[in-house]
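See structure below.
Letters go in sequence order (proteins before strands), and every chain restarts at 1.
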Amino acid sequence: MRLFDTLSREVRELRPIDGSSYRFYCCGPTVYGPAHIGNFRTFVLQDVFRRVLETGGTRTLHVRNITDVDDKTIRGSQAAGQPLAEFTAGWKAKFHTDCEALGCLPPHIEPGAVDHIPQQVAMIEALVEKDHAYAAPDGSVYFRIASFDRYGELSHLDRRELVLGKTQETRANADEYEKDSIADFVLWKARRPEDGDNFWSSPWGEGRPGWHLECSAMIREYLGESFDLHSGGVDLVFPHHENEIAQSRCACGGNFAAHWFHITHLLVDGGKMSKSLGNLYTLGDLAERGHGPMEVRYVLIGAHYRKPLNFTLDSLAGAREALAKLAKGARALAARAGGDHVLNAVGFGPFQAAWEALNDDLNTPAALGGLFTGLREASSLEGQAAAEALAAFNRLLRALGLELPEPEPDAEIPADIQALADERWAARSAKDWAKSDALRDDLAARGWLVKDGREGYQLEPA
RNA sequence: GGCGGAGUAGCCAAGUGGUAAGGCAGAGGUUUGCAAAACCUCCAUUCGUGGGUUCGAUUCCCACCUCCGCCUCCA
């Protein structure tokens with residue numbers, strides 16, 4: 001497949017550098033609360049990315065970390081009166097539940113920062129040894145960005161300005177005397193009283209690793225010095241990913257990531273999503289409003305990953321209808337396929353355009369459109385041809401990670417409801433419209449919908 | 001101030017130097033005693049604004065307007 005690369009700023013064909021499996025790393029969540037739909041736009045698109053590769057026959061190795069120690073997790077655990085590990089374990093479990101509901105495949109490896117302290121310390125030691133890092137008097141260790149020529153390459157920021165710390169006129173609180181340069185970032189944070197019990201020992205004293213370091217250390221551990229692709233939300237381009245590149249290339253050599261895949265943030269109701277505006281939705285918030293996770297997934301993949309996506313509650317309602325329409329189309333196709341078997345599972349038939357869209361810079365909205373036009377095109381197919389089209393449709397759905405709603409199982413109809421409905425049908429058959437309509441209203445009031453047919457009727461829960 | 005992205009129908013959203021996918025909503029029709037459901041059909045002479053290049057621009061160029069992101073730990 002072809003995908004835009006943040007570093008080179010061009011769409012490039014992806015090829016596994018080891019020739020067999022495609023190995024990639026995604027920056028995972030900081031587990032201090034429930035993730036919101038903005039977070040999930042990133043994780044869902046990364047999931048579609050992986051599914052498209054796998055559908056295309058490429059094996060993958062998907063590594064995604066859990067940030068389980070930082071200011072927010074420490075503060076959160078203290079506020080909750082829990083040990084850090086217990087606190088983060090709870091939110092990690094919640095994250096997994098949400099991901100599963102959204103149809104995201106679990107990564108093959110999901111390392112946590114706390115479990116990789118020695119690896120992080122080792123990386124700092126290597127950096128200090130090569131003079132890319134230095135210890136400050138308070139026991140913190142910083143990376144010297146002036147020592148890395150390519151600093152700023154990924155974010156395309158002016159390196160000289162970054163080194164001098166002149167990128168922003170408004171940086172007022174430049175009172176960090178510990179650092180050689182204002183722009184140097186922390187690798188090891190010296191222990192502070194507010195860290196509580198959350199500190200580890202190191203050659204520089206007690207403290208904890210800086211945020212950027214965990215990804216570099218875990219990538220080295222599980223993917224080595226060079227790997228295929230690194231992904232995250234756009235906001236991570238600078239400084240997080242820029243810093244990872246600096247740390248990893250200076251400590252290990254190697255090329256680090258061959259390709260950078262960043263997902264643009266979403267907007268809510270055309271504006272910024274924020275807690276204060278009350279539009280920062282979690283899956284739980286949306287469930288309370290009656291919107292299931294598949295509707296959320298549909299909306300999240302409804303815009304191209306490099307464009308802002310305007311998330312609205314109306315679009316969720318639209319997603320439900322769209323999913324129902326797809327399910328209906330699939331059932332109709334299955335009915336026309338009858339019991340015929342698929343002989344030729346190669347190619348995507350009427351859904352070829354949708355498949356190509358996914359492989360062309362992960363164009364999920366175009367692929368969704370192709371699902372509908374494909375179904376229309378397939379509506380004339382019968383027997384084996386229909387079965388093959390259905391197989392292609394289902395493969396595409398799996399690539400998108402969509403699960404279609406099942407038809408409502410025939411609900412248990414209470415005897416009194418059944419009796420009322422029979423009575424209504426009798427009245428209707430006798431052309432007693434007044435009685436028939438009254439009984440229909442009656443049934444509606446009890447939560448049952450009557451669907452009349454020529455030879456009889458069906459009852460459905462409203 | 002620097003770098004980057006976006007502005008396409010009521011809403012969401014693809015796309016292209018050659019005359020605008022798809023979804024939702026809406027409208028009409030078939031069916032129905034009337035509804036519902038189902039099925040069918042319709043729904044942007046136009047792509048933020050103003051110029052320019054071109055046989056032709058929504059697509060390329062310039063200017064302007066509006067919105068958004070990043071510019072030191074936010075997906």
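Here the separation of B:rG15 from B:rA21, taken at their C1' atoms, is 7 Å to the nearest Å. Here, B:rU58 and B:rU31 have their P atoms 44 Å apart, quoted to the whole Å. Distance check on atom P: B:rA63 versus B:rA13 gives 28 Å, rounded to whole Å. Between the P atoms of B:rC68 and B:rU30, the separation comes to 49 Å (whole Å). Comparing B:rA20 with B:rA38, their P atoms are spaced 31 Å from each other, to the whole Å. The gap from the C1' atom of B:rC62 to that of B:rG10 amounts to 33 Å, rounded to the nearest Å. B:rC55 and B:rC3 have their C1' atoms separated by 38 Å, with the value rounded to a whole Å. Nucleotides B:rG33 and B:rU19, compared at atom P, are 47 Å apart to the nearest Å.
Between the base of B:rG15 and the side chain of A:N363 there is no donor-acceptor pair shorter than 3.5 Å. Side chain A:R440 to base B:rA35: a donor-acceptor pair is found below 3.5 Å. Interface remark: the A:D452 side chain does not form any donor-acceptor pair with the B:rA37 base, using a distance-only criterion of under 3.5 Å.
In this structure, the CG atom of A:D269 is 15 Å from the C1' atom of B:rG10, given to the nearest Å. To the nearest angstrom, C1' of B:rC12 lies 14 Å from CG of A:L323. In this structure, A:K307 places its NZ atom 14 Å from C1' of B:rC67, rounding to the nearest Å. In this structure, CG of A:L459 is placed 18 Å from P of B:rA36, rounded to the nearest angstrom. If you measure from atom CG of A:L309 to atom C1' of B:rC68, you get 13 Å, rounded to the nearest angstrom. Rounded to an integer number of Å, the gap from CG of A:L362 to P of B:rG15 is 12 Å. Atom OH in A:Y298 sits about 8 Å away from atom P in B:rC24, given to the nearest Å. Per the geometry, NE2 belonging to A:H241 stands 19 Å off P belonging to B:rG69, to the nearest Å.
Distances shorter than 4.0 Å separate some side-chain N or O of A:K325 from OP1 or OP2 on B:rC24.
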## Note on the structure
Writing each nucleotide of RNA chain B 5' to 3' as (, ), [, ], | or . by Watson-Crick or G-U pairing under 3.5 Å yields (((((((..(((.....[...))).(((((.......))))).....(((((..]....))))))))))))....
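When each of A:S315 and A:K189 is assigned the nucleotide of RNA chain B with its nearest heavy atom, A:S315 is the one assigned upstream, toward the 5' end. For the pair A:V450 and A:A367, nearest-nucleotide mapping onto RNA chain B gives the more 5' position to A:A367.
Relative to the side chain of A:L157, the nucleotides B:rG2, B:rA37, B:rU72 differ in distance, and B:rG2 lies closest. Distance from the side chain of A:D437 is smallest for B:rC34 among the nucleotides B:rA75, B:rC34, B:rA38. Checking B:rC73, B:rA13, B:rA75 against every side-chain atom of A:T30, the shortest atom distance belongs to B:rA75. Checking B:rA25, B:rA75, B:rG5 against every side-chain atom of A:E321, the shortest atom distance belongs to B:rA25. Side chain of A:T373, nearest nucleotide from B:rA75, B:rG23, B:rA21: B:rA21. For A:L236, counting side-chain heavy atoms from C-beta on, the closest listed nucleotide (B:rG22, B:rG33, B:rA75) is B:rA75.
The aromatic rings of A:H230 and A:F256 are tilted relative to each other, their planes meeting at an angle between 30° and 60°.
Using a 4.0 Å heavy-atom cutoff across all strands shown, A:G38 reaches at least one base atom of the nucleic acid. Among the atoms of the strands shown, only primed sugar atoms or phosphate atoms (P, OP1, OP2) are found under 4.0 Å from some heavy atom of A:N310. When heavy atoms are screened at a 4.0 angstrom cut-off, A:H262 is found touching no nucleic acid atom at all. Looking at heavy-atom distances under 4.0 Å, A:R64 makes no contact with the nucleic acid at all.
Salt bridge A:R192/A:D71: present, at least one basic N to carboxylate O contact under 4.0 Å. Taking the charged nitrogens against the carboxylate oxygens, A:D452 and A:R428 do have a contact shorter than 4.0 Å, which makes a salt bridge.
In this structure, A:Y222 has its ring center closer than 6.0 angstrom to the ring center of A:H116.
We find that the ring of A:W433 and the base of B:rG33 stack, their centres lying under 5.5 angstrom apart and their planes tilted less than 30°. By the 5.5 angstrom centroid cut-off and the 30-degree plane limit, A:H265 is classified as stacked against the base of B:rA75.
A:F49 is listed as a side-chain neighbour of A:M1, based on a closest heavy-atom distance under 4.5 Å.
Looking at residues two or more places apart in sequence or on another chain, you find a ring pair (Phe, Tyr, Trp, His ring centres under 6.0 Å) between A:H240 and A:W211, A:H212. Residues forming a ring pair (Phe, Tyr, Trp, His ring centres under 6.0 Å) with A:Y457 (at least two apart in sequence, or on another chain): A:W425. In this view, A:F348 and A:W355 satisfy the ring pair (Phe, Tyr, Trp, His ring centres under 6.0 Å) rule, not counting sequence neighbours.
Here ring pair (Phe, Tyr, Trp, His ring centres under 6.0 Å) pairs that include residues 297-335 of chain A, with residues two or more places apart or in two chains, are A:F261-A:Y305. Within the structure, salt bridge (Lys or Arg N to Asp or Glu O under 4.0 Å) contacts touching residues 296-311 of chain A (residues at least two apart or in different chains) are A:D47-A:R297, A:R306-A:D361.
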